[in-house]
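Below you'll find the structure, written out as structure tokens, and then a few comments.
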Amino acid sequence: MILVTGGAGFIGTHACVELMQAGYEVVVVDNLVNSHEKSLDRVAMITGKRPLFFKVDVCDEKALNQVFDQCDIEGVIHFAGLKAVGESVQKPLEYYQNNLDADFVLCKVMKAHGVKNLVFSSSATVYSGDNEMPLNESSKTGNCTNPYGWTKYMGEQIFKGLCVADPELSIVLLRYFNPVGAHESGLIGEDPQGIPNNLMPYVSQVAIGKRDHLTVFGDDYDTPDGTGVRDYIHVVDLAKAHVLAVRYAAEHKGCEIFNIGTGNGSSVLDMVHAFEKASGKKVPYVVGPRRAGDLATVYAGTEKARKELGFVAQYDLERMCADSWRWQSMNPNGFEN
């Protein structure tokens with residue numbers, strides 16, 4: 001069995017689908033603070049089986065121990081955590097406490113039950129802002145621009161230290177770039193609570209009429225159209241990378257890091273135009289000032305993931321937008337429909 005913490009969330013549900021379709025038994029723990037249990041019913045509609053679900057906060061050591069007592073867990077994918085970059089600046093203490101406590105408690109409970117394999121949901125936000133592009137796994141980390149990034153950076157330090165202390169451990173750190181898109185069925189996708197923090201769901205909500213316009217933060221960067229360039233990766237590609245990481249962890253000891261991106265950058269306006277094409281809707285936008293801490297261009301070096309994990313992203317920006325629009329138009333109010 002694979003335990004998926006935060007498995008009712010955006011990336012978690014897609015990972016559950018890919019794991020189950022690859023033949024794994026899946027157990028989900030999620031406190032549903034930023035997700036919906038209905039999403040797991042949708043996973044069942046896609047795969048024909050509902051993951052075993054426990055409404056448990058990973059920070060609750062007693063409750064998490066009980067899950068491990070009841071289930072024969074061989075490995076863990078750890079998604080659970082608060083994840084909004086902007087909110088982390090407003091609520092730093094909440095982010096440090098929640099995200100790091102989740103790491104500490106999970107590691108203690110895994111140790112108590114002899115579980116040695118872990119895949120950790122890390123982030124490209126751990127990289128320093130002064131690197132050359134593309135970002136490779138050996139690029140400089142630290143100097144994070146927000147508490148969310150620091151929690152991922154500190155999480156990585158914890159897991160690296162554990163692998164030094166226990167050579168039997170196998171931990172894979174996946175540094176995501178910008179996950180977007182949705183399952184092709186339109187049954188699961190990103191359902192942000194309140195105002196979206198990320199570009200794709202915001203664009204989706206403008207296209208469907210929930211929001212008047214998009215604000216583009218800066219159009220004077222040194223990029224082809226002046227807007228920020230990022231490496232967007234389809235969430236299904238990202239989920240498939242987790243299946244490969246679970247297999248890798250089962251066969252390799254120690255701690256290994258992989259970037260998970262496409263290796264290509266798309267600008268904000270590339271995204272807007274691709275979404276307009278996919279949806280047939282106009283996406284009005286206004287240009288605002290740059291945001292503090294934003295870089296002009298960020299994209300992944302993907303060679304290591306290709307060579308060692310066998311991972312290559314399959315889906316392009318057009319497909320990401322088409323799948324996002326299908327999810328948004330089928331579920332205008334997310335899982336609350």
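Every value quoted in this text rests on a predicted model; they were computed, and no experiment measured them.
Both tests do not hold together for Arg42 against Phe335: distance to the six-membered ring centre under 6.0 Å, angle to the ring axis within 45°. Note that Arg175 lies outside the cation-pi zone of Phe258, set by a 6.0 Å cut-off to the ring centre and a 45° limit from the axis. A cation-pi arrangement is absent between Arg230 and Tyr299 under the rule of less than 6.0 angstrom and at most 45 degrees off the ring axis.
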Exercise. Show your working on side-chain hydrogen bond (donor to acceptor under 3.5 Å, both in side chains) between Glu308 and His252 and close with a plain yes or no.
Key: CA-CA 11 Å; Glu308 297 183 34; His252 298 81; over 6 Å; no
Quiz prompt | Criterion salt bridge (Lys or Arg N to Asp or Glu O under 4.0 Å) on Lys282 and Glu276, from CA distance to verdict | solution = CA-CA 6 Å; Lys282 196 74 185 148; Glu276 288 179 332; 3.6 Å; yes
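One distance of note links CG of Leu238 with CZ of Phe177; it measures 11.5 Å at 0.5 Å rounding.
Thr227 and Asp225 form a side-chain donor-acceptor contact under 3.5 Å, judged by distance and modelled atom types alone. Donor-acceptor pairing under 3.5 Å is lacking for the side chains of Asp323 and His183. Between Tyr176 and Ser121, the side chains place a donor N or O and an acceptor N or O closer than 3.5 Å (distance only, hydrogens not considered).
Within the structure, the side-chain hydrogen bond (donor to acceptor under 3.5 Å, both in side chains) test picks out the following pairs touching residues 13-28 (sequence neighbours left out): Glu25-Lys49. Applying the salt bridge (charged side-chain N to carboxylate O under 4.0 Å, His left out) test to pairs two or more places apart or on separate chains, those with a residue in residues 50-74 are Glu37-Arg50, Asp41-Arg50, Glu61-Lys108.
In this structure, Lys116 pairs ionically with Asp166, as a charged nitrogen and a carboxylate oxygen lie closer than 4.0 Å.
Between the Ser39 side chain and the Ala8 main chain, a donor and an acceptor come within less than 3.5 Å of each other.
Centroid-to-centroid, the aromatic rings of Phe120 and His78 come within less than 6.0 Å.
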